[in-house]
Amino acid sequence: MRKRVDALVEALELPKDLCLGAAVITVVGSMEMTVENHRGLLEYSPECIRILSGMCRIRISGEHLVISYFERDAMKIKGRIREISYE
């Protein structure tokens with residue numbers, strides 16, 4: 001079912017972030033990032049932040065990581081970002 005929805009969204013050229021709940025990630029250098037369309041926080045420490053999104057889990061690894069703001073559908077993370085991975 002998921003593949004059909006993905007194919008339909010692709011064929012109609014619809015925005016994936018709206019239709020599939022995909023996270024929109026904006027990274028500024030290695031010191032700041034914004035995550036939009038998240039579904040919640042799974043883990044939070046100065047070395048690791050894990051976020052639930054509509055399509056996957058996002059893991060941010062680094063040093064001195066802090067969430068400078070956290071809203072219902074967006075958050076900003078600051079610190080030394082070393083790695084962003086998708087689980």
Side-chain angles (χ1 to χ4, degrees):
M1 178 70 170
R2 179 72 175 198
K3 289 183 181 183
R4 289 182 187 171
V5 173
D6 289 345
L8 181 62
V9 168
E10 188 77 28
L12 296 174
E13 297 181 6
L14 298 171
K16 291 181 182 180
D17 59 323
L18 296 176
C19 297
L20 302 176
V24 177
I25 299 173
T26 306
V27 181
V28 179
S30 64
M31 300 301 287
E32 181 178 300
M33 73 183 287
T34 303
V35 181
E36 299 174 79
N37 298 336
H38 70 81
R39 297 226 173 136
L41 197 58
L42 298 171
E43 180 180 345
Y44 180 41
S45 74
E47 293 82 29
C48 178
I49 297 175
R50 290 179 58 229
I51 302 165
L52 182 62
S53 78
M55 299 182 74
C56 64
R57 294 178 179 170
I58 304 163
R59 179 185 171 99
I60 299 100
S61 302
E63 300 170 6
H64 311 292
L65 300 176
V66 295
I67 297 175
S68 62
Y69 77 80
F70 186 93
E71 297 176 356
R72 195 183 109 180
D73 63 346
M75 72 174 75
K76 181 175 279 188
I77 299 168
K78 292 185 177 185
R80 183 170 299 263
I81 299 167
R82 298 268 188 222
E83 180 181 10
I84 301 168
S85 59
Y86 304 92
E87 303 171 342

Step by step, would you call Tyr69 with Thr34 a side-chain contact (heavy atoms from CB on, under 4.5 Å)? CA-CA 9 Å; Tyr69 77 80; Thr34 303; 3.9 Å; yes
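Side-chain contact between Tyr44 and Ile77 is absent, with no heavy-atom pair separated by less than 4.5 Å. Contact of the His38 side chain with the Ser53 side chain is not registered, since no non-hydrogen atoms from C-beta on lie closer than 4.5 Å. With contacts defined as side-chain heavy-atom distances shorter than 4.5 Å, the pair Met33/Ile25 qualifies.
Distance check: Ile67 CD1 to Glu71 CD gives 12.0 Å after rounding to the nearest 0.5 Å.
Here the options are Met75, Glu43, Arg57, the test is side-chain contact (heavy atoms from CB on, under 4.5 Å), and the partner is Ile51; only Met75 passes.
Annotation for Val28: hydrophobic cluster partners, listed by chain and number, are none (ILVMFWY side-chain heavy atoms under 4.5 Å, direct or chained).
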Side-chain donor-acceptor pairs of residues 79-87 under 3.5 Å, sequence neighbours excluded:
{"from": "Arg82", "atom 1": "NH2", "to": "Glu63", "atom 2": "OE2", "distance (Å)": "3.1"}
{"from": "Glu87", "atom 1": "OE1", "to": "Arg50", "atom 2": "NE", "distance (Å)": "3.3"}
{"from": "Glu87", "atom 1": "OE1", "to": "Arg50", "atom 2": "NH2", "distance (Å)": "3.3"}

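Taken together through direct or relayed side-chain contacts under 4.5 Å among Ile, Leu, Val, Met, Phe, Trp and Tyr, Ile58 and Leu42 form parts of separate hydrophobic clusters. Met31 and Leu65 fall into different hydrophobic clusters, where Ile, Leu, Val, Met, Phe, Trp and Tyr are joined by side-chain heavy atoms under 4.5 Å apart, directly or via other members.
Under the salt bridge (Lys or Arg N to Asp or Glu O under 4.0 Å) criterion, Glu32 pairs with Lys76, sequence neighbours left out.
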